[in-house]
Every structure is written in structure tokens, then in C-alpha cells.
Asker: 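Mind having a look at this structure? Questions to follow.
Every chain is numbered from 1 and lettered A, B, ... according to where its sequence line falls, protein lines coming before strand lines. This structure is a prediction, so every number in the text was calculated from the model and none was measured.
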Amino acid sequence: MTLRLLFDDIRSTIQKICNNLGYPQTEFDVSEASRPEFGDVSCNIGFLLAKSLKKRPSEIAESIANEYKKDKGKLVTEVNAHSSGYLNFTANYPLLTKSVIQSSVQENYGQIDIGKNSKIVVEHTSVNPNKALHVGHVRNIIIGDTMARILQKACYDVRVLNYVDDSGLQVADIIVGFRYGGFSREPPKGQKFDHYCGDVVYVNITERYETDTTLAEKRSLILKELEGGLSDTAKFGDEITRRVLEEQLKTCWRLGVTYDCLNFESQIVRSKLWKDVFEKMKSMGMIELEKEGKNEDCWVIRTESEDDKVLVRSDGTATYIAKDIPYAAWKLGIADDPFYYKQYGTQRDGRILWETTLENTGTKLNFTGDAVITVIDSRQSRLQKIITKIMSDFKSKEGAYVHLGYESVTLSADTAKTLNLDTGGKSIQMSGRKGIYVNADYVLDILGVKTYEEAKKRNPDLNEVKLVQISEQVAIGALRYSMIKQDLDKIITFDMTESLSLEGDTGPYVQYAYARAIRILEKGGKAPNFDVSFNDLKTSYETSLAKTIGKFDIEVKDAAKNLSPKIIARYCYDLAVTFNAFYEHVKVLTAESEALVNARLCLVYSFKETLSKSLYLLGINAPERM
RNA sequence: GGGCCUGUAGCUCAGCAUGGACAGAGUGCUGGACUUCUAAUCCAGUGGUCAAGGGAUCGAAGCCCUUCGGGCCCGCCA
């Protein structure tokens with residue numbers, strides 16, 4: 001049993017009582033009490049019926065409480081009608097604690113069936129393959145990865161895609177850099193190829209466009225050559241982007257992120273996907289050939305409140321958004337799949353990473369979904385809105401295509417200063433083109449150094465390998481947590497110094513609680529016996545820990561339904577706070593009796609298991625020592 | 001000009017979907033707790049006209065309207 005079942009039990013009992021009393025049907029709320037003195041569970045039905053029954057809320061609560069008291073069932077020990085109008089309940093703790101502890105040690109604890117095994121696609125990362133990942137990209141990656149994990153826990157059949165835009169202008173820029181910028185094909189020793197391309201080649205060549213106009217001409221020639229896909233230039237571009245992609249993926253894997261399939265834009269462009277979708281839009285009357293005005297001879301899509309959007313230029317070429325439409329249709333399984341598949345490699349967690357190909361490999365796979373979630377920052381909301389509309393017309397159904405938007409990551413004034421930028425005390429938008437960013441690998445490395453020192457200080461007995469392992473886990477925990485803990489519509493102002501903080505509401509704080517629990521279990525020596533009564537776990541530290549553990553599936557449901565990954569971050573933090581309070585105030589190994597030691601060990605074990613499972617949803621590993 | 005997002009403690013943010021019991025965390029600052037299951041911790045104090053105004057409601061941080069501040073987006077670029 002978990003808290004959810006307690007809530008359900010109370011809800012259905014109230015429902016029954018209301019029917020018996022002849023009260024009208026109404027949607028009422030049963031949720032956790034806002035303060036301990038109000039008990040464990042509260043219901044607002046008194047307020048909701050006050051008007052139609054023409055009674056005071058407290059009177060109604062009173063009448064329900066009186067009925068409820070006649071048969072409280074097993075799970076509830078106290079029912080109170082509060083003078084404010086609320087109906088409050090106190091849980092049967094021995095029973096609640098016992099069932100929470102016993103269910104929490106099951107493998108699939110926290111799982112809740114919302115998805116009914118339906119197929120869902122999550123696309124994230126999708127970074128242009130001409131540069132290294134910076135902290136802004138990390139937000140996208142972590143939102144996507146965390147959401148995919150949560151949806152899986154909520155019984156969706158999840159496929160994760162990474163869209164590789166290997167045919168755009170940025171690719172042409174890099175080629176210009178290598179061909180005409182005088183840059184060596186190989187990075188200096190010790191520098192990753194993606195860092196070299198982004199930090200050196202791309203930033204430099206972009207700067208030179210301003211003074212050297214011939215370079216821009218060369219770029220447009222290269223862009224044309226890329227489109228065909230057969231020229232030496234296209235082959236060279238392919239070589240570069242694949243090398244960058246490989247390095248980018250290393251960073252993603254380092255963060256604990258894996259994918260199912262890589263989709264290459266160049267292949268989408270060369271396939272017949274666009275043609276099919278274009279015809280379909282024409283036949284459905286969704287687009288029009290403009291006869292006059294500034295968009296004369298272009299195929300445009302009309303939108304309700306905004307300007308017409310050009311899909312096909314007057315010269316017959318497709319615009320940027322036009323490339324996204326067939327891909328979106330492909331993800332939803334609306335269009336025929338023109339691709340074959342081949343293995344890109346096997347990832348750290350054993351998951352095979354596939355890639356699309358237009359060559360006949362004989363392998364056909366299906367990476368489409370009944371629903372699609374595309375993680376892209378909200379600056380693209382306008383375009384995504386158009387795509388969403390088109391997809392709902394194709395599917396004749398709303399909600400199949402979801403743009404999961406989020407606000408951008410900016411750099412704090414202090415951090416900008418370290419890049420020699422004076423922003424006048426304001427934060428600044430990152431820009432790959434201008435070289436205004438902080439690379440993800442760099443942040444992880446600096447964090448690693450700091451966490452290594454901390455770990456070594458606290459654990460002088462641990463060997464080098466172990467210390468490095470711990471510091472890497474904590475560094476990743478810190479970064480991932482900081483990217484997910486706040487709401488998607490809040491701008492994150494990244495500050496290097498602040499990101500090194502490992503105290504308070506941070507990943508390391510949560511990980512530390514895990515290490516503490518492990519230590520108790522280790523020192524406890526033997527495996528705890530769960531087949532006992534837990535009546536002795538009486539302190540509020542123990543009961544609230546059990547209660548918090550019991551909320552896991554409620555949180556998973558909430559996070560999955562609202563596509564809100566931060567809910568799980570908050571839950572992990574809640575678990576850690578509650579455990580730390582328990583840890584400071586309740587002795588486990590030196591408790592009065594052997595039975596109590598055992599019962600508390602069970603609680604600690606239950607906490608450890610639940611925290612580990614919920615941290616897994618955040619893609620965070622907790623070390624056993626810190 | 002139009003569209004989207006945002007404004008809650010010195011700072012960073014929960015709470016807003018589904019209105020209800022004295023508005024919560026972290027951080028900062030002040031003080032306290034390590035011969036103890038690791039102090040990356042805990043405890044206490046400090047700190048708020050929930051941007052402003054109006055409306056509907058028995059009741060608003062939350063819903064509606066207006067105003068103001070901040071950010072982003074509006075190309076036959078990607």
C-alpha cells in the first residue's frame with residue numbers, strides 16, 4: 001500500500017457517505033494535509049457543498065465526519081471536522097508504515113500505469129554537429145532524458161531520438177573554415193574534435209565573414225554542393241559532422257544519456273518524405289500557392305493570428321520549417337518510412353543505438369509513436385505551433401504532437417566576465433556563433449576537480465580509482481540536478497561559481513543522504529528482516545520518512561501527466577530532507593532493542609531503495625561513499 | 001505593431017493547472033550542535049503591502065480585466 005491507496009480509500013468512503021446523506025455529486029479534493037497538526041490527509045468537500053446545501057462548510061464536514069467515525073476502515077484512525085471547514089484524517093501508522101516499507105522493496109515500486117504500454121517518442125538533444133555541447137544544450141538533453149525515464153516508469157513504451165541537422169548552414173561554415181580558413185584538419189593534441197570545431201574553427205570563420213565578403217560566396221556554393229549529397233564536399237561535410245557527433249555523444253553518454261535512434265536531416269532531405277508530405281498538404285488544402293504580394297510564387301501556410309509562413313520558396317526549394325514537417329510526420333508514423341536502419345553502436349547501458357540510412361541494409365525498424373514529444377527551447381514556439389497544427393490536422397486528433405518548450409540558459413555577468421565580456425552587470429544569451437558559451441565538458445571537469453578534493457578530504461582511505469568514480473558521479477549529479485530542479489518556463493542564469501556549490505538544494509545533497517543510508521546498512525551487518533510488525537517506528541521522524549517514501553507513485557503520475565520533470569527532483573530532495581532529519585535525531589544501530597534496530601534498518605533500506613529508484617529517473621547515480 | 005513567457009524574502013526559486021486552515025524551501029546573515037550510524041549534515045533566529053490597481057467569490061499569491069517592469073520570438077536564414 002502507498003499513500004495513493006490511502007487517499008483512494010478515503011475518497012471512496014466519503015463518496016459513499018455523501019450518497020447516503022443525499023448530498024449532490026461533486027469533484028472534491030483528497031490530498032496531504034498542509035500541516036502535521038491537521039493530521040495526514042485533508043478533504044475540502046465541506047467548502048464545495050456549502051453553497052448548494054446552504055450550510056456552513058464546518059457543518060457539512062461535521063456531518064460527514066460523524067458518519068465516517070462509524071466505520072473508519074483499517075487505514076484511518078481518526079477523523080476530524082475542523083472549524084475551518086476541512087475534513088481531516090489521521091492514518092493508521094503501524095499499518096501504513098508496514099505496507100509502505102514492504103511495497104517499497106519491490107522491483108517496480110513507484111511504477112504507475114498511465115501509458116498502458118502505448119508508444120511514445122521523445123526527441124531531444126538535436127544539436128547542430130559543428131560544435132561541442134554547452135550548458136544550454138545540457139538543459140535540453142537533461143529535460144528530454146529525464147522525461148523519457150519518467151514516461152517509461154509510467155508504463156509508456158518510449159523511443160528516444162536525436163535529430164542530427166547535418167545539412168545546414170553551420171555545416172557549410174565549418175567546411176569553409178577547413179577549406180579556406182587555414183585550419184588544420186586535426187585538433188591540437190588533447191583537444192576534443194567537437195571543441196576544436198566549435199571553439200576555434202566556427203567562431204573564427206564566423207568573425208571573418210564580416211571583413212571578407214568572398215567567404216560568404218564560398219559558403220553559399222558549398223551549401224548548394226551539400227544538398228546533392230554525392231559531391232566531394234558533401235562527403236567531406238559528412239566526415240566532419242560524424243566526427244563531431246561522435247564527440248558530442250561522448251558527452252551525452254558521460255551525462256548518462258542514451259538514445260534509440262539518430263535521424264539525419266540530410267537523409268530526410270534526400271528521401272521522398274518531403275515530397276509525400278508536400279503532396280498530402282496540397283491535397284488536404286492546408287497550403288496555398290501565393291499569387292501576389294511579397295510571397296508571390298511561394299507555397300505558404302496560413303496561420304490564424306500571424307503572418308503567412310513560406311514553406312517553398314519561389315525557386316522551388318524548401319525552407320527550414322518545411323524540413324521539420326516531414327520529420328514530425330515520420331515520428332508520428334503518418335508518412336511511409338523511407339529509411340533502413342543500421343547499428344551505430346552499443347551504449348554504456350547496453351542499449352543499442354541505431355541510425356537511419358537510405359542504403360538498403362535489409363533492416364526495417366519502427367521508431368514512431370502514437371504520441372511525440374519534441375524538446376526544443378521556447379524560442380521556437382512559433383514554428384512548433386505551426387507544426388503542431390499540421391500534425392493535428394494529419395492525425396485528425398489533438399495532442400499527438402507536443403512541443404515541450406523550455407526557457408533558455410543564459411550566462412551570469414560574472415561568468416561572462418571570465419569570457420572577457422563586460423555585460424554591465426546583466427546576464428547574457430549564449431551564442432555558439434559568437435563564442436559566448438560554457439562547454440558542458442568543461443563544467444563537468446571543473447566540478448570533478450572540486451568533488452574529487454571534497455571526497456578525498458572525507459575519505460582518505462579510498463583509492464584513486466574509487467575517488468575518481470565518486471567525483472564523476474557527484475559532478476554529474478550536481479549538473480543534472482541543477483538543470484532540472486526548476487520549472488521549464490524559468491530562465492536559468494548559469495554562474496560557474498554558483499554551480500560549484502554542493503550544499504543545500506543540490507544533487508550532491510541528495511546523493512549524500514544515500515551514502516549515509518548505505519553506511520548504516522553496511523555497519524548494521526546483517527540483512528534486515530522485513531517480516532515483522534513496525535509498530536515501534538513511532539517518532540515523527542520515522543513516520544514522515546515512511547510517508548514520504550509512500551508518495552513515490554503519486555509523484556511519478558504527476559510528473560508524467562504534466563510533463564514536468566522537476567517534480568521528481570523535488571521529490572528526491574524531499575526524501576533526502578526527511579531522511580537527514582531522521583538521521584540526525586534517531587539512532588538506528590544503537591537503538592534500545594534488537595527488534596527496533598531491525599525495524600529501523602528496514603526503514604533505512606526502504607528509503608535507500610526508493611531514493612535510488614527516484615534518482616534513477618533523474619539519471620543520477622548515488623555513490624556509496626562520499 | 002503583434003505573439004509567447006515571466007514578476008512571491010537581500011539573492012535563486014516552490015506553491016498557481018484543480019481558489020480554502022498562520023505564504024514555504026534553498027542561499028545569505030546571526031547563533032548553536034561533531035570522543036556519536038560520514039557536519040556535502042542538523043537545529044534555532046533573521047527576512048514577505050505574493051509587481052500595482054480593479055473585478056467576480058463567503059474566501060485570491062492562485063481566476064478575469066487593466067497597467068507597469070523584465071526576457072524571448074515575429075526572413076523566400078537555419
Side-chain angles (χ1 to χ4, degrees), chain A residues 27-29 31 33-35 37-38 42 44 46-48 50-51 56-57 82-86 88 128 165 167-172 223 265 290 294-300 305-307 309-315 317-321 323-324 377-383 385 405 407-408 410 426-427 429 451 454-455 457-459 474 478 485-493 495 498 501-513 515-524 561-562 566 570 573-574 576-577 580-581 583-591 600-601 604 625-626:
Chain A
E27 279 283 307
F28 56 91
D29 192 37
S31 56
S34 59
R35 290 160 192 280
E37 59 263 38
F38 298 141
S42 295
N44 66 348
F47 299 105
L48 301 171
K51 199 162 202 178
R56 276 180 291 119
H82 193 266
S83 56
S84 62
Y86 272 104
N88 293 329
N128 292 332
D165 181 359
S167 67
L169 204 62
Q170 299 90 339
V171 179
L223 200 56
E265 182 176 83
E290 185 61 74
K294 65 179 174 114
N295 293 335
E296 191 179 342
D297 294 331
C298 294
W299 283 94
V300 300
S305 53
E306 289 146 24
D307 290 347
K309 192 79 206 158
V310 173
L311 291 186
V312 178
R313 303 183 185 103
S314 49
D315 68 359
T317 57
T319 60
Y320 166 70
I321 184 172
K323 292 182 193 171
D324 272 0
D377 77 88
S378 45
R379 284 175 294 195
Q380 300 221 36
S381 295
R382 190 175 277 258
L383 293 178
K385 202 174 144 197
E407 277 293 343
S408 52
T410 62
K426 284 195 193 164
S427 57
Q429 286 283 331
T451 52
E454 296 287 329
K457 200 162 68 193
R458 287 161 228 263
N459 303 278
V474 177
K485 76 167 178 176
Q486 55 198 306
D487 215 35
L488 301 181
D489 48 25
K490 289 286 198 313
I491 293 170
I492 293 181
T493 306
D495 182 83
E498 204 179 294
S501 153
L502 310 173
E503 289 160 18
D505 185 6
T506 65
Y509 172 91
V510 180
Q511 291 171 309
Y512 184 65
R516 281 179 141 184
I518 289 286
R519 205 63 169 154
I520 294 176
L521 294 169
E522 255 175 36
K523 293 212 168 168
K561 283 207 156 175
N562 295 302
K566 70 142 195 260
R570 296 197 69 79
Y573 180 66
D574 250 14
V577 167
N580 275 328
Y583 183 95
E584 296 281 345
H585 297 100
V586 179
K587 292 295 158 220
V588 176
L589 301 178
T590 53
R600 285 181 178 163
L601 279 175
V604 172
R625 296 276 297 268
M626 266 178 84

Asker: Measure the distance from CG on Asp377(A) to P on rC72(B) and round it to the nearest whole Å.
Answerer: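 In whole Å, rC72(B) P and Asp377(A) CG are 12 Å from each other.
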Asker: Among rU27(B), rG71(B), rA21(B), find the nucleotide with the atom closest to the side chain of Glu503(A).
Answerer: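 Ranking rU27(B), rG71(B), rA21(B) by closest atom to the Glu503(A) side chain puts rU27(B) first.
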Asker: Do the side-chain N and O atoms of Glu265(A) and Ser167(A) include a donor-acceptor pair separated by under 3.5 angstrom?
Answerer: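 Looking only at side-chain atoms, Ser167(A) and Glu265(A) do form a donor-acceptor pair, the distance falling under 3.5 Å.
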Asker: Side chain of Lys426(A) only, please: which of rC42(B), rC37(B), rG71(B) is the nearest?
Answerer: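 Minimum distance to the Lys426(A) side chain belongs to rG71(B).
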Asker: Contact class for Asn44(A) vs. all strands (heavy atom < 4.0 Å): base, sugar-phosphate, or nothing?
Answerer: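 Nothing: the residue Asn44(A), judged by heavy atoms under 4.0 Å, touches no strand.
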Asker: Would you state whether a donor and an acceptor, one from the side chain of Asn562(A) and one from the base of rA17(B), lie under 3.5 Å apart?
Answerer: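 For Asn562(A), whose side chain was compared with the base of rA17(B), there is a donor-acceptor pair (under 3.5 Å).
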Asker: Quantified in whole Å, what is the P atom distance between nucleotide rG69(B) and nucleotide rG75(B)?
Answerer: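 Those two atoms are separated by 25 Å.
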Asker: Return the value, rounded to whole Å, for the distance between atom OH of Tyr573(A) and atom P of rG15(B).
Answerer: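 Atom-to-atom, Tyr573(A) to rG15(B), this comes out as 15 Å.
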Asker: Tell me, what's RNA chain B's dot-bracket, Watson-Crick or G-U with both distances under 3.5 Å, | for other-strand, [ ] crossing?
Answerer: (((((((..((((......[...))))((((((.......))))))....(((((..]....))))))))))))....
Asker: Tell me which of Gln486(A) and His82(A) sits closer to the 5' end of RNA chain B, going by the nucleotide each one is nearest to.
Answerer: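 The 5'-side residue here is Gln486(A).
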Asker: Is the shortest side-chain N to carboxylate O distance from Asp315(A) to Arg313(A) below 4.0 Å?
Answerer: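 No.
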Asker: Hey, which sits more toward the 5' end of RNA chain B by its nearest nucleotide, Thr590(A) or Tyr509(A)?
Answerer: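 Its nucleotide being nearer the 5' end, the pick is Thr590(A).
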Asker: What do you reckon, are the aromatic ring centroids of Phe38(A) and Tyr86(A) less than 6.0 Å apart?
Answerer: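 Centroid distance Phe38(A)-Tyr86(A): not below 6.0 Å, so no.
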Asker: Mind calculating the distance between CZ (Arg382(A)) and P (rC72(B)) to the nearest angstrom?
Answerer: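 Atom-to-atom, Arg382(A) to rC72(B), this comes out as 15 Å.
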Asker: Between the base of rA21(B) and the side chain of Ser42(A), is there any donor-acceptor pair under 3.5 Å?
Answerer: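 Result: at least one qualifying N/O pair found.
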Asker: When you measure from the side-chain N and O atoms of Arg600(A) to the phosphate of rC37(B), is any distance below 4.0 Å, counting only OP1 and OP2?
Answerer: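 So the side-chain polar atoms of Arg600(A) never come under 4.0 Å of the phosphate oxygens OP1 or OP2 of rC37(B).
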Asker: Measuring only the C1' atom in each nucleotide, how far is rU46(B) from rA9(B)? A whole number of Å is fine.
Answerer: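 So the two C1' atoms sit 10 Å from each other.
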Asker: To the nearest Å, how far apart are Asp574(A) CG and rG24(B) P?
Answerer: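 Rounding to the nearest Å, CG of Asp574(A) and P of rG24(B) are 15 Å apart.
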Asker: Is the distance from OP1 or OP2 of rA25(B) to the nearest side-chain N or O of Lys566(A) less than 4.0 Å?
Answerer: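 Result: no.
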Asker: I want to check one thing: is the phosphate of rA78(B), taken as OP1 and OP2, less than 4.0 Å away from some side-chain N or O of Arg313(A)?
Answerer: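 For rA78(B), OP1 or OP2 has a side-chain N or O of Arg313(A) closer than 4.0 Å.
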Asker: I'd like the P distance from rG15(B) over to rA51(B), given in whole Å.
Answerer: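 Nearest-Å result for rA51(B) against rG15(B) at atom P: 15 Å.
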Asker: OP1 or OP2 of rG7(B) sitting under 4.0 Å from any side-chain N/O of Lys490(A)?
Answerer: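 The answer is yes; a side-chain N or O of Lys490(A) sits under 4.0 Å from OP1 or OP2.
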Asker: Considering just the side-chain nitrogens and oxygens of Gln170(A), establish if one lies under 4.0 Å of OP1 or OP2 belonging to rA78(B).
Answerer: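 No, outside the criterion.
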Asker: OP1, OP2 of rU36(B) versus side-chain N and O of Tyr583(A): anything below 4.0 Å?
Answerer: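 No, outside the criterion.
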Asker: Taking the side chain of Arg35(A) as its heavy atoms from C-beta onward, which of rC22(B), rC42(B), rC76(B) lies nearest to it?
Answerer: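 Nearest nucleotide to the side chain: rC22(B).
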Asker: Using whole Å, report how far CG of Leu521(A) lies from P of rC37(B).
Answerer: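 To the nearest whole Å, that distance equals 15 Å.
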Asker: For rC68(B) and rA52(B), measure between their P atoms and round to the nearest Å.
Answerer: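 About 16 Å, rounded to a whole number of Å.
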Asker: Any donor-acceptor pair, under 3.5 Å, between the side chain of Glu37(A) and the base of rC22(B), if you only look at N and O atoms?
Answerer: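 Per atom types, the contact qualifies.
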Asker: Using a cut-off of strictly less than 4.0 Å, decide whether Lys51(A) has a side-chain nitrogen or oxygen near OP1 or OP2 of rU57(B).
Answerer: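 Lys51(A) to rU57(B) OP1/OP2: no side-chain N or O under 4.0 Å.
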Asker: If you check the Thr319(A) side chain, which of rG26(B), rA78(B), rC42(B) turns out closest?
Answerer: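 Per side-chain heavy atoms of Thr319(A), the pick is rA78(B).
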Asker: Does Ser314(A) make a side-chain donor-acceptor contact with the base of rC76(B), cut-off 3.5 Å?
Answerer: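 Side chain to base: pair present.
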Asker: In whole angstrom, what separates Lys323(A)'s NZ from rC76(B)'s C1'?
Answerer: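 Computing the Lys323(A):NZ to rC76(B):C1' distance gives 14 Å.
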Asker: Consider the side chain of Val588(A), meaning its heavy atoms from C-beta on, and name the nucleotide among rA39(B), rC42(B), rC37(B) that approaches it most closely.
Answerer: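 So the side chain of Val588(A) is nearest to rC37(B).
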Asker: Looking at Arg56(A) and rC58(B), is any side-chain donor or acceptor paired with a base atom of the opposite kind under 3.5 Å?
Answerer: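 Donor-acceptor pair under 3.5 Å: no.
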Asker: Can you find a donor-acceptor pair, distance only, under 3.5 Å between Asn88(A) side chain and rA21(B) base?
Answerer: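 Present.
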Asker: Tell me whether the side-chain N/O atoms of Arg379(A) come closer than 4.0 Å to OP1 or OP2 in rG71(B).
Answerer: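 So the side chain of Arg379(A) is outside the cut-off, no N or O lying under 4.0 Å from OP1 or OP2 of rG71(B).
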Asker: Side-chain N or O of Arg570(A) versus OP1/OP2 of rA14(B): is the shortest distance under 4.0 Å?
Answerer: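 Result: no.
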